[in-house]
Trainee: 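Starting off with a structure, shown below.
Numbering of residues begins at 1 and proceeds along the displayed sequence. From a predicted model like this one, the values you see are computed outputs, not experimental measurements.
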Amino acid sequence: PQPPTPLLPSGSSLPGSPLPNGIYVAHAPLRSGYKLNDARLMVITDSEIFGAQRLHRARKISHEGVPIASVLDLKEGDYVVHINHGIGFYRGIHKLTTNGVEREYLLLEYAHNDKLYVPSDQIDRVQRYIGGEGNAPTVHRLGGSEWQRTTSKVKKAVQEMAKELVELYASRQALDGYACGPDTPWQEEMESAFMYRETPDQLAAIHDVKRDLQEQKAMDRLICGDVGYGKTEVAIRAAFKVVSEGRQVAVLTPTTVLTQQHFNTFTERLAAFPIKVDMLSRFRTKKEQKETIEGIKFGAVDIVIGTHRLLSKDVEFHNLGLIIVDEEHRFGVRHKEKLKQLKKTVDALTMTATPIPRTLHMSLAGIRDMSIIDDPPEGRMPIKTMVREAESSTVRDAIIRELDRGGQMFFVHNRVDNIGHVAEQIQQLVPYARIDIGHGQMPEGELERVMMDFYDHKFDVLLCTTIVESGLDIPNANTIIINEADKMGLAQLYQLRGRVGRSNRQAYALLLYKPDKVLSEVAEKRLAAIREFTGLGSGYRIALRDLEIRGAGNLLGAEQSGSMAAVGFDLYCQLLSRAVAEFKGEEIDDTQLPPVDLPVDAYIPDGYMPTEAHRILFYKKMAAVKSVENVQAVQDELEDRFGDPPKTVWNMLAIIRLRLRCHEMGIASISAFKKQVQVRFGTGVRLPQPICRDLMKTHRRHWFDIDKLSINPTQLSRIISETEDMLDVLENAFRKAKDMYARGYFQS
C-alpha cells in the first residue's frame, strides 16, 4: 500500500481518476458511511469512528406551557365551583377591612344574587368550572340542598368507575409477561448515537418503559407528550431492547403517511445494527406486502410498522414481544378490540399527542401507567399564531416570507373537490412557488411520491387535506396556512399547527376564515383558544379549553361526561382520585389546618405581582401547603421571582407556619378577642392544673387554663412573634405534662 495522502483541503473532492491504495481524508456532509466492493472503496464518517456528536443548543425554559391550576384562567363572570357551595359566578378579588384588619377575598355570586366572600387562605376550595359542552351549568343557591344531592350522585358514579378501573388494573397485573434483561452494550451504543440531548421528562419516560420491560408482568404504558416532544425516540429504544431479546415489535399507526414517517425514522436510527425494519401499508405493492407478511411469520422481520393492516387475520407473528400504538383513539372499535386481545399477551406501549390534563393524570395514577413528557426540545420556539380573514394579500405575504428564507410550507384545505382550484389561485399569487397536492383519495404510489418529494424539498408548498394532521416531520417546513379553520375542532387545529416549528427556526401558523363570515360562538372560542395558547407545552391548557367547549365524552366515555359536567372537571378528578384510593385501601389525607385569626394585615398587594392571575396562583399555593418545607419553598419562589416580600406577605407566611404548628400540637384554633389572643386546645388536649399554676407564676401577663391559653400581647406590631413565643412555652408544658403522666404524677 502507498503511504496515506495528506488531508485534502476543505471544499475539495477526491480525484476522479483511480486512486492508489491508501487512506484519504476529505470534507463531506455525510451522516453515515458505505462500502463499494467493485471500486474497492470504503467510506467511514467521523461519527462512526469517534461516535456521534450530539447537537447542543441553549435551552430556553418555558414557563408558559407549565401545567397549572385552571383557577389561573379565571376572569370576572366565569363559572366557578366551590367545593361546599356549588357552581356560581366569579366576581373578582375584593379587599375588605374587618376590625381594622385588611384581607383579600374572592367574591362568588350565586342564584338570587346570593354572595359568598371566600378568604384567600381558603382559595383551594374554589376551581374554575370546566366541562359543559357549550351549555351553561346550573347555578346553585347558597344554603340549598341541590348541590349536596348533585355531589352525592356524582360520587356514586365515580365510585363505580373507580371500582371497574382498579379491578381491570389488578387483572392486568396478574398476567405474566416476558422479562427483558438489563441494557446491552449495543443498547448503550444505539442510545449514544441520538443526535440531541434528551429532555428530563424524556429520560424519565425511557426509564419507566425500560423498568416495565424488565418486570415479569405485561407492560401497558401510555406516553403522553406534546407534538414533537420526542415520544418516537422513547419507542425506538423500547423496540431495540425487545428485539435484542430475539422478539418482534409491531408499530401501529393510524395513517399511511405516519407509517412512512416512522419507517424512515426507525430505519435511520437502527441502520448500524443487524435489525430488519419493514413496513406494511398501502404505500407498498401487493407483492411487497406478501413478502413482508412472510418475513413477519418466519421471524425475518424484527420491527414492522404499519396501519390497521397489521391487525388483519393473514398477519401472523413469529414471536411478538411488543406492540407500539400511536394515537390509539383514532382507531375504530373493532381494531381496539383486537388490540385489547394482543395487550393481554405482549408488552404494549401507547403514544398520544392529545394532551391529558395533569389533574386527570394524577387521578388515574396507580391504575394507569402513564409517562408525561412536558419538556420542550432544545432550541424549540413557540409558534406565532394569527387568525385572519382569507385575503389574497395575507396568503401571498405569508408564502413569500417563508420562501425567501429557503423554507417550505403547508397549505391545508380540507375539501378534495376544489383543491385543484385552490392550487391555481396560489400559483397566480406566487408564480415562482413550486406547488404539489396531497390528499387521502390519491392512488397510494402518487401520495407516497408527493410526501417523499416534499421531504426532499423538490417543491415548496404542500397543498393538502388534514391527512398531514399526525406525525409528519418536515423540519424545513415552518409555516402552515389552514383554510376555513373555523370548521375544524380545537384538538385538530392544535395537531395541524404542530406540523411546523419542529426546528430552531421561528414558525408561523395562519388560521383563515371567509371574509365577512359570522362565526358561531363555539368557532370563535376555538380560534381564540388556539391563538391564545401558543406557548411550548400549551397542549395542557388546550385540552382544558377543549373540554370546556365540547365536553368530556371522548375522554372518559359518554356515561361519565354527564357527571363531569354536573360538578366541573377539577372536582370530578378529586372525587375520582379519592374513590380510587379508597378501593386500593390507601390512607386518605383529609388534613385541615386549624384557623388562625390575628389582627394583622395579610394579603398580596397589587403592586408586588404583575397580574391578578399570579396573585391567585400564590394564594392557591399558600392554601395548599402541608409542611414547613412547603412554606419555605413558596417563600423562596416569591423572593426569586418578585423580590423581597412586603410586610403583608410576610404576615401571610407567618400565619401559615402558626397553623402548621397548631396542627402538630393539637390546638383547635387561635383567634383575637378584644385585646387578647385566645388559643383553644383540641379534643383530648389538656394541661394539668398544677402545671397551669406554675406557668402563671412565670408568665404573669398571660392566663393558662386546662383547655385554653389567653395571651395579652404587649403591642399589636409584635402580636405574631409573641404568639409564637407562647406556643414555644406551651409546647414545653405539653412535653412536661406527658412526662409526668408517664411517671404517674397525674391520672390521665
Trainee: With a 4.0 Å cut-off on N to O distance, would you call Asp208 and Arg211 a salt bridge?
Mentor: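 Salt bridge present between Asp208 and Arg211.
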
Trainee: In plain terms, say whether Asp460 and Arg434 are close enough for a salt bridge, that is, a side-chain N and a carboxylate O under 4.0 Å apart.
Mentor: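 Salt bridge flag = yes for Arg434 with Asp460.
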
Trainee: Inspect the contact between Glu294 and Lys290 and indicate whether a charged nitrogen and a carboxylate oxygen are less than 4.0 angstrom apart.
Mentor: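 No salt bridge links Lys290 with Glu294.
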
Trainee: Could you check whether any side-chain heavy atom of Thr199 comes within less than 4.5 Å of a side-chain heavy atom of Tyr229, counting everything from C-beta outward?
Mentor: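 Of all side-chain heavy-atom pairs linking Tyr229 with Thr199, none is under 4.5 Å.
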
Trainee: Testing the basics here: between Gly306 and Leu310, what is the closest heavy-atom pair and its distance to 0.1 Å?
Mentor: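 In terms of heavy atoms, the two residues are closest at N-CD1, 3.6 Å.
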
Trainee: Please answer whether the main-chain N or O of Val315 pairs with a side-chain N or O of Ser312 as donor and acceptor at a distance below 3.5 Å.
Mentor: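 The answer is no, because no donor-acceptor pair under 3.5 Å joins these two groups.
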
Trainee: Counting only heavy atoms not in Arg40, do more than 12 fall under 6.0 Å of its CZ?
Mentor: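 Count not over threshold, so no.
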
Trainee: Does the Asn476 side chain pair with the main chain of Gly407, one donor and one acceptor, at a distance under 3.5 Å?
Mentor: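 It does not hold such a pair.
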
Trainee: Taking only Lys NZ, Arg NE, NH1 and NH2, and the carboxylate oxygens of Asp or Glu, determine whether Arg449 and Asp436 approach each other closer than 4.0 Å.
Mentor: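 Salt bridge: yes.
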
Trainee: Does Glu402 reach the main-chain N or O of Met409 with its side chain, forming a donor-acceptor pair under 3.5 Å?
Mentor: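 Flag not set: sc Glu402 to bb Met409 has no pair under 3.5 Å.
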
Trainee: Is the backbone of Leu322 close enough, under 3.5 Å, to the side chain of Asp347 for a donor and an acceptor to pair up by distance?
Mentor: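 Checking the backbone N and O of Leu322 against the side chain of Asp347, no donor-acceptor pair under 3.5 Å is found.
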
Trainee: Working note: Thr385 + Leu511, criterion side chain to side chain contact (heavy atoms under 4.5 Å, CB included); need CA distance, chi angles, decisive distance, verdict.
Mentor: CA-CA 8 Å; Thr385 306; Leu511 279 56; 4.0 Å; yes

Trainee: Does the side chain of Ser244 come within less than 4.5 Å of Phe273's, by heavy atoms?
Mentor: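 A side-chain contact is absent here, since even the closest heavy-atom pair is not under 4.5 Å.
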
Trainee: Can you see which heavy atom on Phe263 is nearest to which on Val277, and at what distance?
Mentor: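 Residues Phe263 and Val277, closest heavy atoms: CE1-O, 3.5 Å.
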
Trainee: Would you call Arg284 and Glu291 a salt bridge, using N to O less than 4.0 angstrom?
Mentor: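 A salt bridge is absent here (no side-chain N lies under 4.0 Å from a carboxylate O).
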
Trainee: Can you tell me how far the CD atom of Glu316 sits from the NZ atom of Lys297, to the nearest 0.5 Å?
Mentor: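 Nearest 0.5 Å value for the CD-NZ distance: 5.0 Å.
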
Trainee: Quick one: does NZ or CZ of Arg269 land under 6.0 Å from the six-membered ring centre of Phe240, within 45 degrees of the ring axis?
Mentor: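 Not flagged: Arg269 not positioned over aromatic ring of Phe240.
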
Trainee: Before you tell me yes or no, could you show the steps for Arg415 and His421 under side chain to side chain contact (heavy atoms under 4.5 Å, CB included), namely the whole-Å CA-CA distance, both residues' side-chain angles and the distance that decides it to 0.1 Å?
Mentor: CA-CA 11 Å; Arg415 288 175 59 189; His421 177 62; over 6 Å; no

Trainee: Any side-chain to backbone donor/acceptor pair from Gln289 onto Leu280? Under 3.5 Å, distance only.
Mentor: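 Judged by distance alone, no pair lies under 3.5 Å.
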
Trainee: What distance do Ile426 atom CD1 and Ile399 atom CD1 have between them, rounded to the nearest 0.5 Å?
Mentor: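 Reported value, rounded in 0.5 Å steps: 5.0 Å.
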
Trainee: With rounding to the nearest 0.5 angstrom, report the CD1 to CD distance, Ile323 to Gln248.
Mentor: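 Reported value, rounded in 0.5 Å steps: 12.0 Å.
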
Trainee: If we ignore hydrogens and angles and just use 3.5 Å, is the side chain of Lys241 paired with the main-chain N or O of Gly181 as donor and acceptor?
Mentor: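 Yes.
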
Trainee: For the CG atom of Leu349 and the NZ atom of Lys231, what is their distance to the nearest 0.5 Å?
Mentor: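 It is 11.0 Å, given to the nearest 0.5 Å.
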
Trainee: Are Ile223 and Val209 packed together at the side-chain level, in the sense that at least one heavy-atom pair is separated by less than 4.5 angstrom?
Mentor: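 They are in side-chain contact.
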
Trainee: Would a 4.5 Å heavy-atom cut-off, applied to side chains only, mark Gln425 and Val395 as touching?
Mentor: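 Side-chain contact under 4.5 Å: no.
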
Trainee: Do Tyr196 and Glu233 have side chains that approach each other closer than 4.5 Å (heavy atoms only, starting at C-beta)?
Mentor: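 Contact flag for Tyr196/Glu233 side chains = no.
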
Trainee: With side chain to side chain contact (heavy atoms under 4.5 Å, CB included) as the criterion, how do Arg388 and Ile481 come out once you've worked through the C-alpha distance, each side chain's angles and the decisive distance to 0.1 Å?
Mentor: CA-CA 10 Å; Arg388 299 278 189 274; Ile481 299 176; over 6 Å; no

Trainee: Are side-chain heavy atoms of Val430 and Val461 found at a separation under 4.5 Å?
Mentor: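 A side-chain contact under 4.5 Å is absent here.
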
Trainee: Looking only at heavy atoms, what is the nearest atom pair of Ile437 and Val450, with distance?
Mentor: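 Taking every non-hydrogen atom into account, O-CG2, 3.4 Å.
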
Trainee: Please check if atom CZ in Arg396 has more than 12 non-hydrogen atoms from other residues, nucleotides or ligands closer than 6.0 Å.
Mentor: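 12 or below, so no.
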
Trainee: Is it true that Ser281 and Thr307 share a donor-acceptor pair across their side chains at a distance under 3.5 Å?
Mentor: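 Side-chain D/A pair, Thr307 to Ser281: absent.
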
Trainee: Given side chain to side chain contact (heavy atoms under 4.5 Å, CB included), test Val412 with Cys464 step by step and report yes or no.
Mentor: CA-CA 5 Å; Val412 179; Cys464 56; 4.3 Å; yes

Trainee: Less than 4.5 Å apart, side chain to side chain, heavy atoms only: is that true for Leu403 and Tyr432?
Mentor: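 Yes, their side chains come closer than 4.5 Å.
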
Trainee: Could you tell me if the side chain of Leu512 sits less than 4.5 Å from the side chain of His413, heavy atoms only?
Mentor: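 Not in contact.
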
Trainee: Test your reading of the model: is there a side-chain donor-acceptor pair from Asp302 to the backbone of Lys276, 3.5 Å cut-off?
Mentor: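 Flag set: sc Asp302 to bb Lys276 pair under 3.5 Å.
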
Trainee: Do Glu191 and Gln187 have a side chain donor and acceptor closer than 3.5 Å?
Mentor: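 Yes, because at least one side-chain N or O of Glu191 sits under 3.5 Å from a partner of the opposite role on Gln187.
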
Trainee: Any donor-acceptor pair under 3.5 Å linking the side chain of Thr267 with the backbone of Asn264?
Mentor: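 Checking the backbone N and O of Asn264 against the side chain of Thr267, no donor-acceptor pair under 3.5 Å is found.
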
Trainee: For the residue pair Pro254 and Asp326, what are the closest heavy atoms and their distance?
Mentor: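 Shortest heavy-atom separation between Pro254 and Asp326 comes out as CD-O, 3.3 Å.
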
Trainee: Of the non-hydrogen atoms in Ala423 and Ile435, which two are nearest, and what is the gap between them?
Mentor: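 Where Ala423 meets Ile435 most closely, the heavy atoms are O-CD1, 4.0 Å.
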
Trainee: Which value, rounded to the nearest 0.5 Å, describes the distance between Phe410 atom CZ and Asn478 atom CG?
Mentor: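 Rounded to the nearest 0.5 Å, the CZ-CG separation comes out at 9.5 Å.
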
Trainee: Can you give me the closest heavy-atom contact between Glu245 and Tyr178, atom names plus distance?
Mentor: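 Distance-wise, the nearest heavy atoms are OE1-OH, 2.9 Å.
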
Trainee: When you measure from the side chain of Glu288 to the backbone N and O of Thr285, does any donor-acceptor pair fall under 3.5 Å?
Mentor: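 The answer is yes, because a donor-acceptor pair under 3.5 Å joins these two groups.
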
Trainee: What distance separates Leu510 CG from Phe411 CZ, expressed to the nearest 0.5 Å?
Mentor: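 So the CG of Leu510 and the CZ of Phe411 are separated by 8.5 Å.
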
Trainee: Within the distance-only criterion (no hydrogens, no angle test), does the side chain of Asn414 pair as donor or acceptor with the backbone N or O of Thr466 below 3.5 angstrom?
Mentor: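 Answer holds: yes.
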
